[in-house]
Amino acid sequence: MNGTDAPVTLVDLINRLVEPPMPEPISLVPQTAGWYVLGALMLGGLAYGLWRLWLHWRANAYRRAARVALDRAGDDPAEIAAILRRAALAAYPRRRVAGLAGAEWVAFLHDTGGFPMDAGRALIRAPYAPGTDATALRQGAAQWLRSHRGAP
């Protein structure tokens with residue numbers, strides 16, 4: 001009890017309460033150097049990834065050009081054969097591709113990108129037989145352009 005011997009009520013006690021002070025705002029700036037190092041490493045990793053992506057995109061420019069040319073070629077087997085030859089010369093060393101002809105050329109396409117062997121017959125005859133059905137050849141060429149791996 002207090003000096004007046006009056007009972008202390010709950011309202012009196014609530015009126016004596018003092019508002020607590022507001023806490024200082026918390027800074028969102030990292031306080032240790034490790035966060036700066038981590039941020040720099042992440043930015044470096046992002047830059048490296050973008051650089052590698054750009055190199056990959058640039059290295060596959062011949063594929064994109066060959067696919068556009070393949071679309072324009074329609075069902076002309078001689079033109080499809082020329083497109084395959086140009087793409088192979090862009091992807092592999094000239095000494096490995098330039099001298100190939102006939103069955104060796106088809107085997108090379110099959111080994112490097114899964115070119116279908118049945119389309120190979122149309123590829124061999126294409127420059128000499130204008131009436132050759134080019135449907136399988138066109139599909140095989142599109143598959144090879146998508147799936148072949150360039151020279152290391």
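FYI, side chains are in, hydrogens and waters are out, and symmetry mates aren't considered; it's all heavy atoms of this structure.
Judged purely by atom type and a 3.5 angstrom limit, Trp144 uses its side chain to pair as donor or acceptor with the backbone of Leu109. Not a single donor-acceptor pair under 3.5 Å links the side chain of Arg67 to the backbone N or O of Arg146.
Note on Met117 and Leu84: same hydrophobic cluster, where clusters join Ile, Leu, Val, Met, Phe, Trp and Tyr whose side-chain heavy atoms are under 4.5 Å apart, directly or indirectly. Cluster annotation: Tyr48 and Trp54 are assigned to the same hydrophobic cluster (Ile/Leu/Val/Met/Phe/Trp/Tyr, side-chain heavy-atom contacts under 4.5 Å, transitive).
Ala66 and Ile83 get closest at one heavy-atom pair: O-CG2, 3.7 Å. Of all heavy-atom pairs spanning Ile80 and Ala141, the tightest one is CG2-CB, 3.8 Å. Minimum heavy-atom separation, Gly140 to Pro116: CA-CD, 3.7 Å. A pairwise comparison of heavy atoms in Ala91 and His148 identifies CB-NE2, 3.7 Å as the closest pair. Taking all atoms of both residues into account, the shortest heavy-atom contact from Leu123 to Ala81 is CD1-CB, 3.5 Å. Nearest heavy-atom pair across Trp57 and Arg64 is O-NH1, 2.9 Å.
Partners of Asn60 by side-chain hydrogen bond (donor to acceptor under 3.5 Å, both in side chains), not counting sequence neighbours, listed by chain and number: His56, Arg63. Asp111 is linked by a salt bridge (Lys or Arg N to Asp or Glu O under 4.0 Å) to nothing, counting only residues two or more places apart in sequence or in another chain. In terms of the side-chain hydrogen bond (donor to acceptor under 3.5 Å, both in side chains) criterion, Trp105 has no residue partners (sequence neighbours excluded). Residues meeting the side-chain contact (heavy atoms from CB on, under 4.5 Å) test with Arg95, sequence neighbours left out: Pro93. Partners of Ser27 under the side-chain hydrogen bond (donor to acceptor under 3.5 Å, both in side chains) rule, at least two apart in sequence or in another chain, do not exist in this structure. Scored by the side-chain hydrogen bond (donor to acceptor under 3.5 Å, both in side chains) test, Thr135 finds Asp133 as partners (sequence neighbours excluded). Among residues two or more places apart in sequence or in another chain, the salt bridge (Lys or Arg N to Asp or Glu O under 4.0 Å) test is passed with Arg86 by Glu79.
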Check against side-chain contact (heavy atoms from CB on, under 4.5 Å), Arg85 and Val97:
CA-CA 8 Å; Arg85 182 66 70 162; Val97 176; 4.2 Å; yes
Could you walk me through whether Arg94 and Leu89 pass the side-chain contact (heavy atoms from CB on, under 4.5 Å) check?
CA-CA 6 Å; Arg94 182 171 291 282; Leu89 284 170; 3.9 Å; yes
Test log, rule side-chain contact (heavy atoms from CB on, under 4.5 Å), inputs Leu145 and Phe115:
CA-CA 9 Å; Leu145 287 172; Phe115 188 80; over 6 Å; no
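Within the hydrophobic cluster formed by Ile, Leu, Val, Met, Phe, Trp and Tyr side chains joined at under 4.5 Å, directly or through other members, Trp35 is accompanied by Leu38, Met42. Grouped by direct or indirect side-chain proximity (heavy atoms under 4.5 Å, Ile/Leu/Val/Met/Phe/Trp/Tyr only), Tyr62 sits alone. As a member of the Ile/Leu/Val/Met/Phe/Trp/Tyr network built from side-chain separations under 4.5 Å, Tyr36 groups with Val29. Side-chain heavy-atom separations under 4.5 angstrom define the hydrophobic clusters, and the remaining members of the one that includes Leu41 are Val37.
Contacts classified as salt bridge (Lys or Arg N to Asp or Glu O under 4.0 Å) and involving residues 43-57 (residues at least two apart or in different chains) are not found.
Interatomic distance, CD1 of Ile124 versus CD of Glu104, reported as 10.5 Å (0.5 Å rounding). From Leu10, atom CG reaches atom CG of Leu13 across 6.0 Å, with rounding to the nearest 0.5 Å.
Electrostatic pairing of Asp76 and Arg138 does not count as a salt bridge here, judged by no charged N lying under 4.0 Å from a carboxylate O.
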